[in-house]
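Each remark here refers to the structure printed beneath this line.
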Amino acid sequence: MDNTNTPFISLEAVSKQFTSRTAVIEILSETDFQIRKGETIAVVGSSGIGKSTLLNIIGTLDKPASGRLLYQGQDLFALNDERLARFRNSQIGFVFQFHYLLQGFTAIENVMIPGLIAGKGKKTIEKDAANMLERVGLDLRKTFRVEDLSGGEQQRVAIARALVMKPDLLLADEPTGNLDQKNSESVHTLLNDLNKEFNMTVVVVTHNNKLAEMMDRKVTLRQGKIVAA
Ligand SMILES: Nc1ncnc2c1ncn2[C@@H]1O[C@H](COP(=O)(O)OP(=O)(O)OP(=O)(O)O)[C@@H](O)[C@H]1O
Ligand SMILES: [Mg+2]
């Protein structure tokens with residue numbers, strides 16, 4: 001845990017609406033949320049309530065209509081797009097609800113992408129990617145094209161890709177949604193280990209009670225606010 005009083009991440013009065021032709025739906029309504037360095041948090045809430053939208057905002061992929069997002073006191077949306085993209089690639093790991101792997105590429109190539117974007121050396125990138133695929137139990141699937149993998153295997157490739165840069169922050173949207181109990185448990189262990197090994201902060205949206213119970217705290221999204229669950 002960081003000893004400073006500045007939270008690692010802070011959402012201040014963040015609001016977000018979506019507008020269709022017939023309605024405006026309020027997803028976040030002047031909500032505040034503070035995350036400490038090294039903390040693990042489960043986000044729960046009913047379907048369509050805005051959990052994925054919240055993760056996208058925390059991960060700077062989506063902008064709030066109003067309010068601020070601070071990383072260690074810095075207003076990220078004040079950065080230009082290029083600097084923001086660089087920050088995101090090196091500091092934040094995403095596991096999306098729908099994993100968005102690059103079709104036509106192998107598992108290891110997908111996991112190598114963040115390192116390539118960051119301009120790291122090829123040998124290191126390859127070693128790190130292979131190591132992370134082993135940790136999610138895919139050592140024998142490294143050179144398979146992702147479209148030839150099962151749904152759960154693809155999800156594990158996405159988890160490996162999110163973790164390969166050892167991000168300060170992992171945002172994971174239903175990371176075990178497609179996994180059986182054994183593979184879910186190995187993902188739980190991996191998240192726990194990485195949290196302990198290098199103080200990775202974890203925010204995970206999950207319906208998996210076992211995973212939620214392992215987190216330091218659990219919050220619910222309800223009526224546009226983030227509240228203790
Ligand atoms: N780009 C968009 N344009 C319009 N409406 C959107 C957009 N993205 C999300 N929404 C709407 O916002 C609401 C919240 O969506 P979100 O995906 O954040 O929910 P969720 O809590 O993650 O749901 P689930 O548990 O089903 O994944 C939904 O009603 C959705 O239809
Ligand atoms: Mg969602």
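Please read these numbers as outputs of a predicted model, since none were measured by experiment. One-based numbering, in listed order, for ligands and for the atoms of each.
- Nearest protein neighbour of atom 17 (O) of ligand 1, counting heavy atoms only, is Ser52 CB, 3.7 Å.
- Regarding atom 15 (O) of ligand 1, its nearest protein heavy-atom neighbour is Thr53 OG1, 3.8 Å.
- Here Ile25 has side-chain heavy atoms under 4.0 Å from ligand 1, and that is the only part of it that gets that close.
- In this structure, the ring of Phe87 has its center less than 6.0 angstrom from the ring center of Tyr71.
- For the Mg ion (ligand 2), protein N, O or S atoms closer than 2.8 Å were enumerated as Ser52 OG, Gln97 OE1, with waters left out.
- Here Glu174 has no heavy atoms under 4.0 Å from ligand 1, in either its backbone or its side chain.
- Atom 23 (O) of ligand 1 has as its closest protein heavy atom Gly48 N, 2.8 Å.
- A salt bridge does not link Glu174 with Lys51: every distance from a Lys NZ or Arg NE/NH1/NH2 to an Asp or Glu carboxylate oxygen is 4.0 Å or more.
- A salt bridge links Asp128 and Lys120; the closest N-O separation between the charged side-chain nitrogens and carboxylate oxygens is under 4.0 Å.
- In this structure, the protein non-hydrogen atom closest to atom 26 (O) of ligand 1 is Ser47 OG, 2.6 Å.
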Please step through side-chain hydrogen bond (donor to acceptor under 3.5 Å, both in side chains) for the pair Arg145 and Thr106, ending with a clear verdict.
CA-CA 4 Å; Arg145 282 205 285 204; Thr106 65; over 6 Å; no
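- Ring pair Phe94/Phe96 is parallel by interplanar angle, where below 30° counts as parallel and above 60° as perpendicular.
- The protein heavy atom nearest to atom 9 (C) of ligand 1 is Phe18 CE1, 3.4 Å.
- Contacts between Ser20 and ligand 1 below 4.0 angstrom, taking non-hydrogen atoms only, are absent altogether.
- Counting protein heavy atoms under 4.0 angstrom from atom 31 (O) of ligand 1 gives zero.
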